[in-house]
Amino acid sequence: MSSLLEVKKLKKHFPVKSGGIIPRQTGAVKAVDGVSFDVKKGETLGLVGESGCGKSTAGRAILKLHEPTDGEIIFKGKDITNVQGEQLRKLRQEMQLIFQDPYASLNPRKTVEQIITEPMKIFNVPKRERQKKLSRLMDVVGLSSYQKDRYPHQFSGGQRQRIGIARSLALDPDLVICDEPVSALDVSIQAQVVNLMEDLQQEFDLTYIFIAHDLSVVHHISDRVAVMYLGQIVEIGEVGELYRNPKHPYTQALLSAIPEANPHKQKERILIKGDLPSPSNPPQGCKFHTRCPLAEDICKQVNPELKQVSEHGQQAACHLVKEVVAGH
Ligand code: SF4
């Protein structure tokens, strides 16, 4: 599989300003701080971590809803890091976002028809084609055509997310960034929406970046998973391998918190002490050292790089995990 998207050392820092009439920059919130990964065509990359770890900001920087501070974004082989104007407009056709909150992301004064066809109108798709596409999209996301004149408040949360998904597919995108798409929904509805997204991936040949804090949902839908902590990726790998054999202490702690489905099986929970440090003043060395149960002296001084830790390409950033050289 070839890479659809390559992200290289991506940074998004938000300036912190203070002072009187003319405020000066006194620091920066390092929301994303040197993140690199690629996404192959047709796959789903899960991006997980606690709130505030930078996963949503990374997604928005890739979509250029936030201007990246540094790094490179390569999409379909082209460097799109600095595209503007008409080029950016065209790019927006190929990359779409599904929002977390189906209540807030739909305009309450527009009908379903207006919401779903709006992106096509902006890109001058002829009316007949818009109508045809509207019927097809409503059908594939599980809504009926007779509902097209209704307003968002007349639908349940799950149905609203279906409307949001239909809108995101209106321009036949290649890449869809799903920002916590099911976390605002009831648990009973989450599985239906995730299954729908899997079906749509097949039908529309989509590539997903699936951002979530719920590791069970990510496990279900992802091919590979990247774990973020304080703006950096600390572990990345194929989903089965990473969940079976997490190498990084932070990933191990996150996975230990997933409830065990089998009541006869005991699972030891690894508790992470303290709160997530502020991204405006991250710790020196390994950013996880203030909370890591295994931290050693070197961890306070040197920030570990991601390195290969399994023969299948799993990578982790931890001084205590042994590097595995492919083929050895
Ligand atoms: Fe913990 Fe040190 Fe590994 Fe960081 S580098 S995760 S502090 S053991």
Side-chain angles (χ1 to χ4, degrees), residues 7-13 27-38 45-58 70-71 211-216 218-219 222 224-258 267-326 328:
V7 175
K8 297 180 185 173
K9 298 189 175 157
L10 182 69
K11 290 187 182 176
K12 178 61 202 174
H13 295 179
V29 173
K30 296 173 180 172
V32 179
D33 201 20
V35 157
S36 301
F37 59 85
D38 67 338
L45 177 76
L47 210 50
V48 298
E50 290 164 280
S51 325
C53 71
K55 52 193 190 306
S56 292
T57 307
D70 201 3
I211 298 168
H213 64 272
D214 182 334
L215 282 105
S216 311
V218 170
H219 188 199
S222 305
R224 285 188 304 135
V225 173
V227 181
M228 280 187 76
Y229 185 80
L230 267 187
Q232 296 185 331
I233 290 180
V234 295
E235 185 154 12
I236 183 165
E238 184 271 317
V239 65
E241 192 185 23
L242 190 138
Y243 274 61
R244 255 191 324 274
N245 193 7
K247 303 281 189 184
H248 194 280
Y250 179 60
T251 317
Q252 289 168 353
L254 285 182
L255 291 175
S256 78
I258 300 179
K267 190 161 149 186
E268 197 187 329
R269 172 120 193 234
I270 304 167
L271 289 172
I272 311 176
K273 56 186 183 191
D275 294 324
L276 191 70
S278 164
S280 59
N281 187 21
Q284 292 291 310
C286 173
K287 291 185 175 187
F288 187 52
H289 86 256
T290 52
R291 303 170 79 194
C292 180
L294 307 176
E296 295 186 353
D297 278 347
I298 186 175
C299 307
K300 296 177 191 158
Q301 287 142 27
V302 183
N303 192 11
E305 299 269 330
L306 270 178
K307 60 190 173 194
Q308 187 161 335
V309 294
S310 86
E311 293 197 348
H312 309 289
Q314 191 168 339
Q315 293 180 299
C318 174
H319 293 304
L320 302 193
V321 183
K322 217 170 127 224
E323 183 162 10
V324 173
V325 181
H328 286 250

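Just so it is clear, the model here is predicted, and its values are computed rather than measured. Read the numbers this way: they start at 1 and go in the same order the structure lists the ligands and their atoms.
Of all protein atoms, those of element N, O or S that lie under 2.8 Å from atom 2 (Fe) of ligand 1 number 1.
When all heavy atoms are compared, the tightest approach of N303 to Q232 is ND2-OE1, 3.2 Å. Across G54 and V32, no two heavy atoms sit closer than the pair O-CG2, 3.5 Å. Across all their heavy atoms, E50 and Y250 have their closest contact at OE1-OH, 2.9 Å.
Counted by atom type alone, N245 and Q314 present zero donor-acceptor pairs between their side chains at under 3.5 Å.
Numbered from 1 in the order shown, with element, the atoms of ligand 1 that lie under 4.0 Å from a heavy atom of H248 read 6 (S).
Scanning for side chain to side chain contact (heavy atoms under 4.5 Å, CB included) contacts around Q284 gives an empty result, with sequence neighbours left out.
Distance CZ/F288 to CG/L294: 8.5 Å, rounded to 0.5 Å.
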